[in-house]
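Structure, as C-alpha cells:
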Amino acid sequence: MFNVRFPTSLNEARKFQQIVSQQISLKDEFGDINYITGLDISYKNKRAYGAAIVYDCKNKKVIEKKRVEMLPKFEYVSGFLFMREVPIFLKLVDQLVNQSDLFLVDGHGIAHPAYAGSATVFGYFIKKPVIGVAKAPMNVFEFGSEEKREDFLITNLYVGKRLVGKKIAYKDKNWKPIYVSPGNNISISSSLDVVINLLDSKHKLPKPLLLAHLAANEYKENIYH
DNA sequence: GCGACAG
DNA sequence: ATCTTGTCGC
C-alpha cells in the first residue's frame with residue numbers, strides 16, 4: 001500500500017497533491033456495489049478517533065465496525081486535511097476483514113483547489129472507488145441550472161472552469177447542503193448517484209458516513225483520559 | 001463570469 | 001473539528 005512515502009511537510013504535501021491529481025481516475029472502475037465503507041474521524045484533546053463502518057447495501061445493515069485512536073502528526077491547515085486524516089483512514093482499512101467495493105470519506109475529493117482533497121489522496125493509496133462528501137464548500141463556485149431530483153436540488157461545482165462535483169441541497173428542509181466529488185476510480189455523475197441512493201428523509205449524510213460519524217463520536221466520548 | 005469556505 | 005443548553009421537529 002505504501003509504495004510511496006507519505007509527505008512530511010507542507011511543501012512535500014503540495015507536490016504530492018500535484019502528482020496525485022494527475023494519477024487518479026475519474027472513470028467508473030467498478031462492477032456491482034454491495035459493500036460500502038464509511039470513514040470518519042472525531043477529535044478530543046488533540047487525539048483522533050476514527051471509525052470505519054462497512055455497510056451491506058443490499059440488506060441495509062452494518063456488517064463490520066472498526067475504530068482506531070491516533071495522535072495526528074499535523075495541525076489542521078486548510079487545503080491539507082489529508083495530512084491529518086489519510087494515515088488514519090489507511091490504518092482503519094488495514095483493520096477491516098471485509099472487502100469493500102467503494103469508500104465514502106468525510107471531506108472533498110477533486111472539489112479542491114489542487115484537485116486533491118483527502119478523499120482523492122486516500123483513493124490514490126487504496127486504489128478503489130472513493131467518494132468525498134463534505135459539509136462545506138472549498139474554493140469552488142457554482143453556476144448552471146439546478147437539477148431537481150426527488151427531494152433534492154443539484155448544482156454543478158467548479159474550480160476555475162473545470163467541473164469538479166455536485167452540491168446536494170435539500171428541499172423543504174433547513175439543512176445545509178452537502179458537497180459531493182469523486183476521490184478516485186469513479187465519475188462525477190456516478191458519485192452523485194451513489195450518494196443519493198444512500199440518503200433518506202431523516203438524515204443529511206449518506207448512511208455509511210452517518211454511522212461512521214456516530215461511531216467515531218461514541219468512541220471519543222467513551223475513552224477515559 | 002461569482003471565489004471566504006474541507007476537518 | 002471542538003467549546004456548549006435548551007429546544008424544535010420527526
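Each chain gets a letter, A, B and so on, in the order its sequence line appears, and its residues count up from 1.
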**Message:** What I want to find out is whether A:E150 reaches A:K171 closely enough, with some N-O distance under 4.0 Å, to be called a salt bridge.
**Reply:** no
**Request:** Give a yes or no on whether a salt bridge exists between A:E142 and A:K166, defined as a side-chain N under 4.0 angstrom from a carboxylate O.
**Result:** no
Using a heavy-atom cut-off of under 4.0 Å over every strand shown, decide if [X] touches base, sugar-phosphate, or nothing.
| X | answer |
| --- | --- |
| A:N139 | base |
| A:K161 | base |
| A:Y43 | sugar-phosphate |
| A:S42 | sugar-phosphate |
| A:G160 | base |
| A:F74 | nothing |

**Asked** Taking only side-chain nitrogens and oxygens of A:K173, does any of them come within less than 4.0 Å of OP1 or OP2 of C:dG9?
**Response** no
**Prompt:** Counting only side-chain N and O atoms of A:K46, is one of them less than 4.0 Å from OP1 or OP2 of C:dA1?
**Reply:** no
**Beyond-backbone contact of A:F82 with A:T120, side-chain heavy atoms, under 4.5 angstrom** = no
**Message:** So, taking the atom named CG in A:L199 and the one named OH in A:Y170, what distance separates them when rounded to the nearest 0.5 Å?
**Reply:** 5.0 Å
**Fill in**
Value for CD1 (A:I36) from NZ (A:K207), rounded to nearest 0.5 Å, stands at 13.0 Å
Calculate the interatomic distance between [X] atom [atom1] and [N] atom [atom2]; express it in whole Å.
| X | N | atom1 | atom2 | result |
| --- | --- | --- | --- | --- |
| A:K44 | C:dT4 | NZ | C1' | 13 Å |
| A:D106 | C:dA1 | CG | P | 7 Å |
| A:L71 | C:dA1 | CG | C1' | 15 Å |
| A:Y49 | C:dT2 | OH | P | 11 Å |

**Prompt:** Without hydrogens or angle criteria, can the side chains of A:N217 and A:E221 be said to hold a donor-acceptor pair below 3.5 Å?
**Reply:** no
**Message:** Of all nucleotides in DNA chain B that come within under 4.0 Å of a heavy atom of chain A, which is furthest toward the 5' end and which toward the 3' end?
**Reply:** B:dG1 to B:dG7
**Asked** How do A:K202 and A:H213 order along DNA chain C: which one's closest nucleotide is nearer the 5' end?
**Response** A:H213
**Asked** Which atom names give the shortest non-hydrogen contact between A:N139 and A:V159, and what distance separates them?
**Response** O-CG2, 4.1 Å
